[in-house]
Each structure stands twice: as C-alpha cells, then as structure tokens.
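A quick write-up on the structure given underneath.
Note that this is a predicted model, so its numbers are computed, not measured. Per chain, numbering begins at 1; letters A, B, ... match sequence-line order.
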Protein chains: 2
Amino acid sequence: MRKGELTRQAILDVAVRMARFNGLSGLTIGSLASACDMSKSGLYAHFRSKEALQLAVMERNSEQFSEEVVRPALAKPRGVARLQALVEFWMQWYAHPGGCLFLAAGAEFDDMTGPLHDQMVSDQRRLLDSLARIAATAVDEGELREDTDVFQVGQEVFGVLLSYNWMSRILSYPDAAERAWTAFNRLIESYRV
Amino acid sequence: MRKGELTRQAILDVAVRMARFNGLSGLTIGSLASACDMSKSGLYAHFRSKEALQLAVMERNSEQFSEEVVRPALAKPRGVARLQALVEFWMQWYAHPGGCLFLAAGAEFDDMTGPLHDQMVSDQRRLLDSLARIAATAVDEGELREDTDVFQVGQEVFGVLLSYNWMSRILSYPDAAERAWTAFNRLIESYRV
DNA sequence: CACTTGAAAGCACGATCGTGCTATTTTCGG
DNA sequence: CCGAAAATAGCACGATCGTGCTTTCAAGTG
C-alpha cells in the first residue's frame, strides 16, 4: 500500500534528525514515536525490530549524503574544482544540527559486530571511495601528478575534514574553516604537476 | 579512609576500559558493578550520581593520556623529534581496545549542555594545546619557520591523527599507519625552514 | 458500496535503568 | 580489642526500554 511507505519515510526523516544528536543507540522508539505524534506500537509496526529501524536510518542518512554532498560535487567540472566542491559541501554537511551521523555511528559501532557495524563500515568505505574517485579525476585531467596515490590523497583530505569538524563543532574555534582551507590548499599544491 | 579511595580507583580503571567500548552514556552502573564484583548500591555510594561517575571516568582518562602520551613525548628532545614522538604515542593510544574515549565523548556530548560537555571540551582543548605547545618548541629550536602558525600545525596534525584512527579502526585499512606518517612528514617538510 | 487488507492504537510483559533507604559487614583509630 | 565510622549489600521505587498481542480505524479494490 502507499500510505504506509509514506509515513515510513516521514518517520525516517525525523529519526535521522534525532539520531544526529544522540546517535543510533540513543535513538529510542518511545521518543521517536512521540516526536512523530504516533503511538509506540504504531511506529514499531513499520520496522519490526529496533535494529531494522537503525539500519533504515543509516540507509536514509546515506541517501541524504549522496543528495547533499556527492551529487552536487559531481555537477562540477572534473578535477581539482570538483574535489574542492566536494570538500565544501562536506563541510556544510558537518554543520547539520546535531552533527554527522556517520561519525556518530562510527564511534558507536567500531568495536561491535553484527549488521549495524557492517552497514556502517560499508557506508564509510563508499564515502572514502567517492573521495578517491574524485581525486582521480584530477589526475586524469592532468592537474595532479601522474604518480599520485589517490587513496593517500583521500586519507589526507579526510583528515582535513575530520579535524575541521572537531575544531568547529566541539572546540568552537572560529577560524577552523579558514585553517581547513589553508590545509586543503597546501595539500593540493604538494600534489600538483 | 584509605580502603574506599583504593576501590574507587579500581572501579574507575575498570570503568575507563568499559567506556571505551560503549561510551560514557553506554556505561551502565549495573554492568560496571558486576564487572567489579560489587553490588550496584555498593558501587553507587562511591559516586553519588551517574554524572559524577562519568566525570570521574573522564578525569581518569585524561590522567592516563598524560601518562601514556604527553609525558613520554616530553622526555624527548625539544623540536620535531618531540612532535614526532607525540604523534607516535598518540597513535598507540588510539590502539587501545575499544578506541579513544576522548573521541567517543566528543561524539556523545557535542550538542549537549552541562558539566559533562564542559569537561569534555576543556579536556579536548588541553590536548590541542599540548600539540601546539610542542610544535612551538620546534619553532624555538629553529627547525620550523619563524612565522609558523602553531595552531595551524596543530589542526593539521590532529587531522592526520583523526584520519589515521578512522582508517585503521573503522575501515581496517592495513596501510593507514604508513599513510599517516607520509602525511605527517609532508606536513612537517612544508613548514621547515 | 461492501469487503478485504493494511495502518495505527491500546495495553501488557519482563528487563533494566538510576536512585534512594536501611541493614550489615569491614575497616581502622584509641 | 572495642567502639566509631566507613564501606558494602539488600531491597524497593518509579520510569523507560524493546517487543509482542489484540483491537479499532482507515484505505484501496472489486
């Protein structure tokens, strides 16, 4: 039926927003239900376990990341411009109220086993692959050196992003963004042809 | 009395180890009590609220960081060698079973208010200050350029560390450490006189 | 419009959470 | 070694957790 899928998506949107604040473990069915103006059991029926709900939330979060970060970056011309756009949208992504759900999930499930851990890892791998793939277009376009290790670039750019997130979100350093761009530019320069 | 303080410390050591896995919110008094072979109320009497317990755990964690990371680095000669040692010990710190409690706490309390948030932020600030201060010794020794912004260095080095932690702990990339050192060395070279 | 099917609510369950109060045991100073 | 004080255990409380079962209400189909 159609109505069910509709409210299911509405629930997931609320759930993603809530999970950004307290993580996927902190996401509770009771509080989610009241945030959706539903009964616990009414909401619960859409997902038949908490784990299934959490998996659906992670999936929805990944979709939003693709829509808000990856896709807009792919609209830019291949090369350093695209990589820079990716970083820019990624930094905006980190500014979501409550922060980044990927980072929260990573901290929560790093040492666990099970579907949630596996899903988190594969999501995270996709993110890093996107990064490396876009860096590779800069090599293809002749902007970065031929022998560039794009995974090395990926790890370093990701470091710039993580550090920016930490400095701005937790430490509230006002020049975190400026310093992140300084770091990014130096990084790119050192790989330029 | 003396016995009380002794078991209190023993409890905190267990608590720190447990909190690395499930965070400070995931740390529960019941499970901690049974891990210490104590009754819930017996343990609870040492800290008179869960928040006080969590604060004590954070404090104990900071002490351990100083002992295992900062102090050993300070034993090295001032300059790049000391900075490099700091990074090395810091990377070993991340290898603790369950991961880094600072990072977990940061993800948990970033958007909260209250003593736990404040304690977490000030702990984190001290970490970054240590980093910048040690980088400053490299400037003093004439190894890095006079006009070096040591907080910029701090943010970038911290990025290398965070990225390493993510790649090795969550993504299990085997060459994460090697890439981290590559990044660190390029970073330092770009600041050398 | 009836009928079937799905969506939502109501209610109850066992478990566990943090937190008090009251005993009981252990420690330690005189 | 004895009495005071501290450390620990026992027990109970209200609240909330995830999860089922049953019933009511709405939606879509013939």
Quick one: on DNA chain D, does B/Ile11 or B/Lys40 contact a more 5' nucleotide (nearest heavy atom)?
B/Ile11
Separation of C/dG6 P from A/Arg48 CZ (nearest whole Å):
13 Å
From the list B/Lys50, B/Glu108, B/Glu51, side-chain contact (heavy atoms from CB on, under 4.5 Å) partner of B/Leu24 resolves to B/Glu108
note: B/Arg8, atom CZ; D/dT8, atom P; distance rounded to Å ~ 12 Å
Rounded to whole Å, please give me the gap between CG in A/Leu6 and C1' in C/dA8.
15 Å
Salt-bridge present (B/Asp129, B/Arg126; N to O < 4.0 Å)
no
Just to verify, what does A/Phe65 make a ring pair (Phe, Tyr, Trp, His ring centres under 6.0 Å) with, not counting sequence neighbours?
A/Trp90, A/Trp93, A/Phe102
side-chain contact (heavy atoms from CB on, under 4.5 Å) filter on B/Ser39, not counting sequence neighbours, yields B/Ser41
Would you work out how much the helix from C/dC1-D/dG30 to C/dT27-D/dA4 bends between its ends, with each end axis defined by five base pairs, to 10 degrees?
10°
Flag the pair B/Glu63 and B/Arg60 as a salt bridge only when some basic side-chain nitrogen lies within less than 4.0 angstrom of an acidic carboxylate oxygen.
yes
Of all the choices, C/dG18, D/dG18, C/dC28, which nucleotide is nearest to the side chain of A/Ile29 once you look at every atom?
D/dG18
I want to check one thing: is the phosphate of C/dA8, taken as OP1 and OP2, less than 4.0 Å away from some side-chain N or O of A/Thr7?
yes
Under 4.0 Å between a side-chain N/O of A/Thr28 and OP1 or OP2 of D/dC17, yes or no?
yes
Closest nucleotide of DNA chain C for A/Leu43 versus for B/Ser25: which of these residues is on the 5' side?
A/Leu43
With a 4.0 Å cut-off on heavy atoms, is A/Ala45 in touch with a base, just the backbone sugar-phosphate, or nothing at all?
nothing
Does A/His46 have a side-chain nitrogen or oxygen under 4.0 Å from the phosphate oxygens OP1 or OP2 of C/dG6?
no
Whole angstroms only, please: what is the CE-P distance between B/Met38 and C/dT25?
16 Å
Tell me whether the side-chain N/O atoms of A/Ser41 come closer than 4.0 Å to OP1 or OP2 in C/dA8.
no
Calculate the interatomic distance between A/Leu53 atom CG and D/dT19 atom C1'; express it in whole Å.
13 Å
Should we say atom NZ of A/Lys76 is surrounded by more than 12 heavy atoms from elsewhere, each under 6.0 Å from it?
no
List the atom of A/Ala35, the atom of A/Val14, and the distance in Å for their closest heavy-atom pair.
CB-CG1, 4.1 Å
Whole-Å distance, A/Lys50 NZ to D/dT16 P, equals 15 Å
Mind calculating the distance between CD (A/Glu51) and C1' (D/dC17) to the nearest angstrom?
16 Å
Rounded to the nearest angstrom, tell me the gap between atom CD in A/Glu5 and atom C1' in D/dG28.
16 Å
